[in-house]
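Below is one structure; the comments refer to it alone.
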Amino acid sequence: MKFTKSYEPGEFEPQIYAEWERTGVFQPRIRQFAGNEKETQDCYALVMPPPNANGNLHIGHGLTVAIEDVLARYYRLKGKSTWYIPGADHAGFETWVVFERALEKEGKSRFDFSRDVLYRQVWDFVQMQRGNMELQVRALGASCAWDDLTFTLDENVVSRVYQTFEKMWNDGMVYRGKKLVNYCPKHQTAFADIEVDHETEAGKLWDIGYELVEKNGEMTELIVSTTRPETIFGDTAVAVNPEDARYKDVVGKMVKLPLTGRVIPVVADEHADPEYGTGVVKITPAHDFDDFEVGERHGLPMVQVIGEDGHMTSEAGLGFAGLSASEARKKVLEQLEEQNLLRGEHEIEHAVAHCYKCGAVIEPTLKEQWFIDVKRLAKMAVERLEKGEIKFYPSNKRKVLINYLENLKDWNISRQIPWGIPIPMFQKETAGAEDASEWIFDTRTNLQKIEVGGVTYVRDEDTFDTWFSSSQWPIVCTDWLEGKENPYYPLNVMETAGDILFAWVARMIMMGVYVTKEVPFKEVYLHGLVLDEHGQKMSKSKGNVINPIEMVTKYGSDAFRLGILRGRSAGMNQAFSENSVVSGRNLCNKLWNVARFVQGMVDEAEGSGVVAKEIEIARESAEVVNAGQVNAGVEMPYSTDNMGEDWICRELTKCKEEIEDDIKEYRFSEAVETLYSTIWDKYADWFIESQKQYKNIPLLKVTLEMILKMLHPFAPFATEAIWQSLSWTGGMLVIQDWPTRLKFDPISAERFESLQDVVRETRRLLMDLKSANQSNKWGLLYGDDALVADNELLVMGLTKVNSISSCEGQPRGLRLALTNHEVYLDVPEEVVRKYRENIEERILKIGRELDALNLRLTNPNYVNKAPAHLVWQTREGVKEKTELIERLKKELEVIA
RNA sequence: GGUUCUUUAGCUCAGCUGGCUAGAGCGUACGAUUCACAUUCGUAAGGUCAUUGGUUCGAGCCCAAUAAGAACCACCA
């Protein structure tokens, strides 16, 4: 392949991904589940939180894939058998909503069809829309094992879910109960608490007079405050606080329920807040969660007055039955007004529960549903969490999770939506609804009726909450089986969005511990929301949504990945802008051009046949050595006169070690920074520049290879494209070995840094002079300075001065402000004089620094208590600065 | 009410176990150009680390309080 002038991602990415996939490099190298001897150490597994099978990826998926793929690719290079397991979600409710909308457009309703027909229709609907998501995951470069893609309705998922459910049923952890559930009247299904959005809204609070059956002194009625007058027909008591002196005497008395004349008791209950409204609250156990609990405490009857269709039931009585809830409210208020029972009306703000999908007001409704006894599950999970069996990033989430688990209520897993996994429970055909013993477990959910022992049972029409099946995701995806060793379970890490900590992570831990007796993953990394560049939440209505695939098309997959990882740390909601993608693109292009330039040098040298042999030597010596030794590493061929080579070996080794630490601790942002500055500021700006003077072809090759490997997890396409374009590399980068340390001479490396100071100081001085309208065409003179003398060409090349030579014992011009060097910029006398002020300023500045250091040393506590090396460093600093000031002063004298 | 987080350069963020002159990207200013790269190169300006107090030889980091902002959970008759 020939190197073009700039890197064009679009020309490489599709082919490269296709080749990766075709050659099967994303499949784990070892797949053993038979329990053979196997070192689990060598395996690394993680699952992709399954995106909606028939949807498109959004920016959050972009972040997920970027993070997870860095991990997968890094550990693959490290030689681990890496299994990055992709998934696709049937997205029960989301998809259902889309499908139902489509049905409505055709003028049909879900109630026109049986569940089985609906299920088949949605299945076809999803198949038609499917595929985009998977293509987009590929475009992001995810190195996942496509052969193992799991769809959340796949047979193995269903069978695992049924096994678990059966176990829970047998263990008595599942029960059928008639309880108040969150119910969306629009979609006609129940929800878990977690699926409900609470929003603060303006509303009204009405005071209604409830007449006391017997007068209590002057008191003839109790005034009840309510926001929901339409539920008045379901009232089975009114409550006052037991501590409330005003109502002490009416507790146990009866009141007449307005509009009906029914007589209900006054109970004392903590739930009534004396501060709120009149302090008297009506109790409607069938339509309010708190009232439900009050009802249970006092053994009150439950009267359902709003049906599942959102209309009033016959319990509401003639004239109301059949009205919608809001119509009923109007009518109740009118009649109360007529009967002179309305005592007041106040504007208030209160939280109202909404369906998280359609926004309809959630109607707490009495329903018979399957519930999971979460207490036992949560307890097991909390025990493991408290033992620290799972490490959290950010660490505080562990406490947050424990706090949540300890306060969890039972979990309603029934959904009245056909699109999902059917609940494998059948009820005796003639049974009344109440008796749990009439239910049997059976997996033949494809049948509506089954016969067992001559008795007919009818299928429960409900499906599982999707979180019930996804809570078993790590178990399913890794093919975990009881009694068989599985090197991929527990997963090494669970990476996902912080906002599903409760919905998903908590449930995976509970179910994982329950089913496998092990935590399902060893570490959890949670990422925050991706916000727009001003820190605002992205939303369609604000028009600030960034589409990851558009970014990929425009700048390349690598650029997007580098961009989104930059400035990101665990658990934080963080801003993201196109700018960071641009800088990612620039890095890829920079590296491309570095490679192009190195290849050019290689071609030139090899064309002349000089180095072919040397390369062989370099390769052979590239063996792993004891990494514990300070200076151990791969032996490199050096030219004797360029310490830049030792320096770059040191820097690359440092970079490698920093990245290793960063990835281990999930500090992606810092890893990207480190790579960016190593490649750009160090390798390109200093090493490559100095290699223009001294070409060490074997070293250029080895260092470039090392950089490609280190950047590969972050920018897989560009690095692979370069790898395959270089003349001397073979195979695919994706399955190379992670680099080992490079050997270097630390003294030589430090000398190069010292030389960099000379170059920088020269440049700075030239800039200063230019600002003062002086020409920059000067030469450099050096005095007693062996380092500069030995590197004349390098210094000249990097500073672009006219000439460089020894001053032959006769220094002139401006001396560079460096302690360890005697170098002069050869400028005429008058320029030196003009520059006098500058020198004076410098003396003052260094003087201030010197004072600070001296102050530290005069403090006996510092000298005695601080670590010796710090004190030593401070003393050295004082020495250096004192010398420098002396010199500058001498110079001033000379000028004067 | 409960839990948790954030506050560092104009903007977005790093800063790991307390230890050299607090860093990066973008932006800004000034300058360069036959060179692998204008998706380039060089130089610079820009900070009371929210405030106050404490611990310490030493605090952006630890502790306490305050202020501002955010998220989640519970509740709101």
Side-chain angles (χ1 to χ4, degrees), chain A residues 3 5-7 193-194 198 200 203 205-206 224-228 231 238-239 271-273 276-284 288-291 348-352 394 396-397 399-400 403-404 407 498-499 501-502 528-529 531 533-535 555 559 563 566-569 571-577 579-580 582-583 585-601 661-662 665 667 669-670 672-673 676-677 684-685 688-689 692 760 763-764 766-768 770-771 776 799-800 845 848-849 852-853 856 859-867 869-870 873-874 876-877:
Chain A
F3 280 101
K5 196 168 178 187
S6 61
Y7 175 59
D193 295 346
I194 211 156
H198 290 271
T200 304
L205 186 66
W206 288 277
V224 168
S225 304
T226 182
T227 53
R228 304 206 54 196
T231 61
V238 298
H271 166 62
D273 177 3
Y276 195 92
T278 57
V280 186
V281 56
K282 68 200 238 353
I283 302 299
T284 324
D288 183 280
F289 288 97
D290 290 313
D291 292 5
I348 54 150
E349 287 224 319
H350 62 151
V352 181
N396 67 299
K397 295 291 179 190
K399 256 173 77 184
V400 174
N403 182 49
Y404 170 79
N407 296 304
D499 56 5
L501 175 66
F502 297 152
L529 284 178
L531 308 172
E533 58 185 319
H534 303 295
Y555 300 105
R566 177 162 278 211
R568 210 150 291 277
S569 54
M572 296 269 296
N573 294 345
Q574 279 158 319
F576 169 68
S577 77
N579 268 342
S580 56
V582 170
S583 85
R585 188 238 356 224
N586 294 354
L587 179 66
C588 294
N589 188 61
K590 185 74 185 180
L591 186 58
W592 178 260
N593 273 288
V594 164
R596 178 154 89 112
F597 186 63
V598 170
Q599 182 67 63
M601 288 195 275
D661 283 350
D662 287 341
E665 294 295 317
R667 294 189 298 250
S669 168
E670 284 169 58
V672 171
E673 288 309 326
Y676 198 97
S677 72
D685 290 351
I688 293 284
E689 286 304 318
K692 285 177 181 173
R760 281 202 201 93
R763 285 171 178 167
R764 191 175 304 144
L766 289 171
M767 243 346 250
D768 276 359
K770 185 162 293 173
S771 306
N776 67 329
T799 55
K800 306 220 161 73
K845 187 173 166 248
R848 280 193 296 272
E849 288 167 12
L853 293 183
R856 210 176 293 168
N859 181 345
N861 281 323
Y862 175 71
V863 180
N864 294 333
K865 291 191 187 171
H869 72 277
L870 287 175
Q873 271 177 23
T874 313
E876 285 296 296

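Naming: A, B, ... by sequence-line order, numbering from 1 per chain.
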Have a look at [X] and say if it touches a base, only the backbone sugar-phosphate, or nothing, with a 4.0 Å heavy-atom cut-off.
X        : value
A:Lys397 : nothing
A:Asp685 : sugar-phosphate
A:Phe576 : nothing
A:Leu205 : sugar-phosphate
A:Tyr404 : nothing
A:Glu689 : base

### Task
Go through the steps for A:Val598 and A:Ile688 under the test side-chain contact (heavy atoms from CB on, under 4.5 Å), then give the verdict.
CA-CA 8 Å; A:Val598 170; A:Ile688 293 284; 3.8 Å; yes
Going by the rule side-chain contact (heavy atoms from CB on, under 4.5 Å), which residues pair with [X] if we only count those two or more places apart in sequence or in a different chain?
X        : answer
A:Ser6   : A:Glu8, A:Asn589
A:Glu673 : A:Arg566
A:Asn864 : A:Pro860
A:Glu689 : A:Lys692, A:Leu798

Which whole-number value in Å describes the distance from [X] [atom1] to [N] [atom2]?
X        : N     : atom1 : atom2 : answer
A:Tyr676 : B:C37 : OH    : C1'   : 13 Å
A:Phe502 : B:U3  : CZ    : P     : 13 Å
A:Arg596 : B:C35 : CZ    : C1'   : 11 Å
A:Tyr555 : B:C26 : OH    : P     : 13 Å
A:Asn589 : B:U39 : CG    : P     : 9 Å

### Task
Taking ring pair (Phe, Tyr, Trp, His ring centres under 6.0 Å) as the test, write out the residues that go with A:Phe502, two or more places apart.
A:Tyr404
Results of salt bridge (charged side-chain N to carboxylate O under 4.0 Å, His left out) for [X] - residues two or more places apart only:
X        : result
A:Asp662 : A:Arg667
A:Glu876 : A:Lys879
A:Arg596 : none

Expressed in whole Å, how much space separates the [atom1] atoms belonging to [N] and [M]?
N     : M     : atom1 : result
B:A59 : B:U48 : C1'   : 15 Å
B:C62 : B:C26 : P     : 30 Å
B:C49 : B:U7  : P     : 14 Å
B:A24 : B:A65 : P     : 36 Å
B:U6  : B:U17 : P     : 14 Å
B:G69 : B:A29 : C1'   : 33 Å
B:A44 : B:G23 : P     : 13 Å
B:G25 : B:G18 : P     : 28 Å

Could you please name the option among [options] that lies closest to any side-chain atom of [X]?
X        : options             : value
A:Lys5   : B:C73, B:C37, B:C30 : B:C37
A:Asp193 : B:U43, B:A36, B:A74 : B:A74
A:Arg764 : B:G19, B:U3, B:U43  : B:U43
A:Ser583 : B:U3, B:G25, B:A36  : B:G25
A:Lys692 : B:A36, B:U4, B:G42  : B:A36

### Query
In the 5'-to-3' direction, what one-character label does each nucleotide of nucleotides 13-18 of chain B receive under the scheme B = base within less than 4.0 Å of a protein heavy atom, S = sugar-phosphate only, - = no such atom?
SSSB--
### Summary
Quick tally for nucleotides 56-64 of chain B: nucleotides whose base has a protein heavy atom under 4.0 Å get B, sugar-phosphate-only ones S, the rest -, giving -B-------
#### Entry: A:Asp193: partners by side-chain hydrogen bond (donor to acceptor under 3.5 Å, both in side chains), with sequence neighbours left out
A:Asn182
Any side-chain N or O of [X] below 4.0 angstrom from OP1/OP2 of [N]?
X        : N     : result
A:Arg763 : B:U43 : yes
A:Lys590 : B:C41 : yes
A:Arg856 : B:U21 : yes

### Query
RNA chain B in dot-bracket, Watson-Crick or G-U pairs under 3.5 Å, [ ] crossing, | other strand?
(((((((..((((.....[...)))).((((((....).))))).....(((((..]....))))))))))))....
### Task
To the nearest 0.5 angstrom, please state how far the OG1 atom of A:Thr874 sits from the NE2 atom of A:His869.
9.5 Å
### Interatomic spacing from CG in A:Leu870 to OH in A:Tyr862 - rounded to 0.5 Å
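So the gap between those two atoms works out to 5.0 Å.
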### Message
If the test is side chain to side chain donor-acceptor pair (under 3.5 Å), which one of A:Asp291, A:Asp288, A:Thr231 qualifies with A:Lys282?
### Response
A:Thr231
### Nearest heavy-atom neighbours spanning A:Tyr7 and A:Cys588
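Smallest interatomic distance, heavy atoms only, reads CD2-CB, 4.0 Å.
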### Task
Using the closest heavy atom to pick a nucleotide of RNA chain B for each, name whichever of A:Phe597 or A:His271 lands nearer the 5' end.
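Its nucleotide being nearer the 5' end, the pick is A:Phe597.
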